[in-house]
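In this text the structure is predicted, and so the values were computed from the model without any measurement. Quick note on labels: first sequence line is chain A, next is B, and so on, each numbered from 1.
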Amino acid sequence: MSGDHSHNEDQIDCGSRVNDSHKHKDKYKEKEHKHKDHKKDKEREKSKYGNSDHKDSSDKKHRDKEKMKHKDGSTDKYKDKHKEKRKEEKMKSLDVKIKKEKENGFASPQHLKSEPEDDFYHSPKQSLKRVRNEDNDSEFQPKKIKTENDKKAKKRKQDEDIKPKKTKNKKGEVTDGKKKAKKEPEEKWKWWEEERYTDGVKWKFLEHKGPVFAPPYDPLPSHVKFYYDGKTMKLSPEAEEVATFFAKMLDHEYTTKDIFRKNFFKDWRKEMTSEEKTKITDLKKCNFSEMSEYFKAQSEARKAMTKEEKLKIKEENERLLQEYGFCIMDNHRERIANFRIEPPGLFRGRGDHPKMGMLKRRIRPEDIIVNCSKDSKHPEPPPGRKWKEVRHDNKVTWLVSWTENIQGSIKYIMLNPSSRIKGEKDWQKYETARRLKKCVDRIRNQYREDWKSKEMRIRQRAVALYFIDKLALRAGNEKEEGETADTVGCCSLRVEHIKLYPENDGQEYVVEFDFLGKDSIRYYNKVPVEKRVFKNLQLFMENKEPDDDLFDRLNTSILNKHLQELMDGLTAKVFRTYNASITLQQQLKELTNAEENIPAKILSYNRANRAVAILCNHQRAPPKTFEKSMQNLQTKIDAKRDQLSDAKRELKSAKADAKVRKDEKSKKTVETKKKAVQRIEEQLMKLEVQATDREENKQIALGTSKLNYLDPRISVAWCKKWGIPVEKIYNKTQP
DNA sequence: AAAGGAACTTAGTAGTATCCGA
DNA sequence: TCGGATACTACTAAGTTCCTTT
């Protein structure tokens, strides 16, 4: 239980949590022992279960959860149907390829597919190429036979293009040539040309105006009533505020969930007067519908506001942004990412979060720690209030922090990604990935050797690393049970998360992964692995219960310590960055066709991006309106088809007519009809492509990988190479 | 050396602004 | 020019990593 909870209000509720977590902690310890003395006994596991119903239920939930978050069933069917259809309609074979990947389980990164057993190591690039070659060469004519050398050469060239200097200047070098010169000299600050701090100092001077607090609670007008057990009841402002949080979410699925309701009700009662507390004992008897209606009406009203009113609000926001949204750090005015304090509300965890529905407390000035330079103008707390603390720590990057009451973790106000401090870090990240590129072969050889090690812990480490490298899995820290949703990463995989098939669909040694990862996003994938890995996995699973750790002799710190020895600065997540970037580069090379026009090239870029998103398993909920808009599109397509056959019929009759009449006029009609047919065909084609694209993107989120994993230098170089404006790829916030 | 805490990156979603085709 | 689709952003949860404390 982390957290110094400085507020006694929470103390109460923490109390019970602490209890809970003691239980968990014990369990936890037991589990830890396991790591040491390996053969863990089931009894222990059993008792672990016995001692907490909490756990029991959450565990069951875990299983059910699968259904919840990923919408396989119905959607997949839908997908397949359409897929079949489209396939017939000779989409580009590329589409088919990508789709095929999807059929095999959403997440399968392409490079996994075609791994021949003899492959020494399928670097992602090689196999990607192989897949491609099989499938689409006929169509796409990749006008190049690329060799590894070639590739390196290109890479080098890019580098030169982009940063003619060396080391520390990023792509900015190119950009500023054309577009500076204007005003706003500050914004063009080329921080990447300056010396970096060493020694952990993050800044020398920092001045800002502090956070913007959430607006105070505005009580409901008296005509908006709350009913308990059918009777109207006036709530105290405190209780009412919390009630409105719930009312605002009434339409949301959350409010139907038991845990959510339970947590909410418990926390709500804490805000009630003793009178209210005695009266209101059952959430089911609460009627929030008038409140809910009221808020809906409010938001309608907001939408219906006149232009002037909207403008006014916009201006006010802008003013606030200018005043609070920037800070001065080392002589530069830099944008702050989140200068508003998180408003109070009900906690919305993702997946099956045991704490969903709990009240997220309002943050007061007295909760806030301010960080700034001694010699700066310190931010003022609101009149009559005080900060919790003002400190001057230039070894950290945050301006403001506070402790949140749900998990007891610390929240920060930090700078925008465009700032020097974030940009440098990002830059470093890609540099590390590049260094990994240089020694990745060595590392791969090493872990392949380690599969044969006599020591269990080394073999486990090696297999885990193989997964991280090959599948771009996350490291997977242990988590405290009962504190968060039950999700895992590589090191925390449990036996129940994988299945082994000595033979499957004509492939040998197939591993099926099925687990919930970060954000409770499902990872599902079937991959053929090397025999040694397979045998090792069998061994790791021997005599274990489904909920035992697969890698019982491994955790993230062991793994990272090892990685650190292999390469300076290497950690598990670097593999994700590296493999994402290398995949992008590879795919761009493969997919880009010199002859194509710009939109087609951009489509290629997006496809490459998509490949990366698939690799990293970046999913999203299909947009709310997806089904509907897909249907719309489908009806449009159908209509177009009808139109087409009509047009064809007309053309036919016109032709017949022309044959008989043989006059100019009828000939002309034939021509026009022909044109019409062509035009309609084109339109139809376009619609269908659009449908495919949308379908493909249905549950893939491109933004994340673009933002966090893809070395912008690759993208920028690609744009330059093909004469594509960088803005087509990045919006102004990015590079 | 493991537990806990702090700091920072990565992630999906909701809500709004903008675009775009009939 | 309207309304739906799409793009963008703000928000904040959920990870990873590294450091400190016990």
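Counting only heavy atoms from C-beta on, His252(A) has its side chain closest to dA14(B) among dA14(B), dA6(B), dT9(B).
Atom OH of Tyr523(A) is separated from atom C1' of dG15(C) by 17 Å (rounded to the nearest Å). Between Lys561(A) atom NZ and dA2(B) atom C1' there is a gap of 10 Å when expressed in whole angstrom units. Remark: P of dC8(B) and CG of Leu707(A) are 19 Å apart, rounded to the nearest angstrom. Put simply, CD on Glu483(A) is 13 Å from P on dG15(C), counting in whole angstrom units. If you measure from atom NE2 of His618(A) to atom P of dT13(B), you get 12 Å, rounded to the nearest angstrom.
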Shorter than 3.5 Å, N or O on both sides, protein versus nucleotides 11-14 of chain C: list them out with atom names.
{"residue": "dA13(C)", "atom": "OP1", "partner": "Lys360(A)", "partner atom": "NZ", "Å": "3.1"}
{"residue": "dA13(C)", "atom": "OP2", "partner": "Lys411(A)", "partner atom": "NZ", "Å": "2.4"}
{"residue": "dA13(C)", "atom": "N3", "partner": "Arg350(A)", "partner atom": "NH2", "Å": "3.3"}
{"residue": "dA14(C)", "atom": "OP1", "partner": "Arg350(A)", "partner atom": "N", "Å": "2.7"}
{"residue": "dA14(C)", "atom": "OP1", "partner": "His353(A)", "partner atom": "ND1", "Å": "3.3"}

Show the distances under 3.5 angstrom between N or O atoms of the protein and N or O atoms of nucleotides 2-5 of chain C.
{"residue": "dA5(C)", "atom": "OP1", "partner": "Asn632(A)", "partner atom": "ND2", "Å": "3.1"}

Is there any protein nitrogen or oxygen under 3.5 Å from a nitrogen or oxygen in nucleotides 17-19 of chain C, and what are the pairs?
{"residue": "dT17(C)", "atom": "OP1", "partner": "Thr571(A)", "partner atom": "OG1", "Å": "2.8"}
{"residue": "dT17(C)", "atom": "OP1", "partner": "Ala572(A)", "partner atom": "N", "Å": "3.2"}
{"residue": "dT17(C)", "atom": "OP1", "partner": "Lys573(A)", "partner atom": "N", "Å": "2.9"}
{"residue": "dT17(C)", "atom": "OP2", "partner": "Asn560(A)", "partner atom": "ND2", "Å": "2.8"}

### Query
Going 5' to 3' along nucleotides 17-22 of chain B, which nucleotides have protein heavy atoms under 4.0 Å from the base (write B), which only from the sugar-phosphate (write S), and which from neither (write -)?
------
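Checking side-chain atoms of Tyr578(A) against main-chain N and O of Thr432(A) turns up no donor-acceptor pair under 3.5 Å. Between the side chain of Lys479(A) and the backbone N or O of Ala485(A) there is at least one donor-acceptor pair closer than 3.5 Å.
A residue-by-residue look at Arg391(A) and Lys303(A) shows that Arg391(A) has its nearest nucleotide of DNA chain B further toward the 5' end. Each of Arg576(A) and Arg302(A) was matched to the nucleotide of DNA chain B holding its nearest heavy atom; the match closer to the 5' end belongs to Arg576(A).
If you check every strand for non-hydrogen atoms under 4.0 Å, Gly489(A) touches nothing. Using a 4.0 Å heavy-atom cutoff across all strands shown, Lys202(A) reaches sugar-phosphate atoms only and no base atom.
Taking the centre of each ring, Phe339(A) and His208(A) stay at or above the 6.0 Å mark.
Between Lys312(A) and Glu309(A), no side-chain nitrogen of the basic residue sits less than 4.0 Å from a carboxylate oxygen of the acidic one, so the salt-bridge criterion is not met.
In this structure, Tyr412(A) does not reach the dT9(B) phosphate: none of its side-chain N or O atoms is under 4.0 Å from OP1 or OP2.
Using bins of under 30°, 30° to 60° and over 60° for the plane-to-plane angle, the ring pair Phe515(A)/Tyr523(A) lands in the parallel bin. Taking the six-membered ring for Trp and thresholds of 30 and 60 degrees, Phe246(A) and Phe264(A) have nearly parallel ring planes, at less than 30 degrees apart.
For Arg457(A), the side chain to side chain donor-acceptor pair (under 3.5 Å) test picks out Glu455(A), with sequence neighbours left out. Partners of Lys518(A) by side chain to side chain donor-acceptor pair (under 3.5 Å), not counting sequence neighbours: none found.
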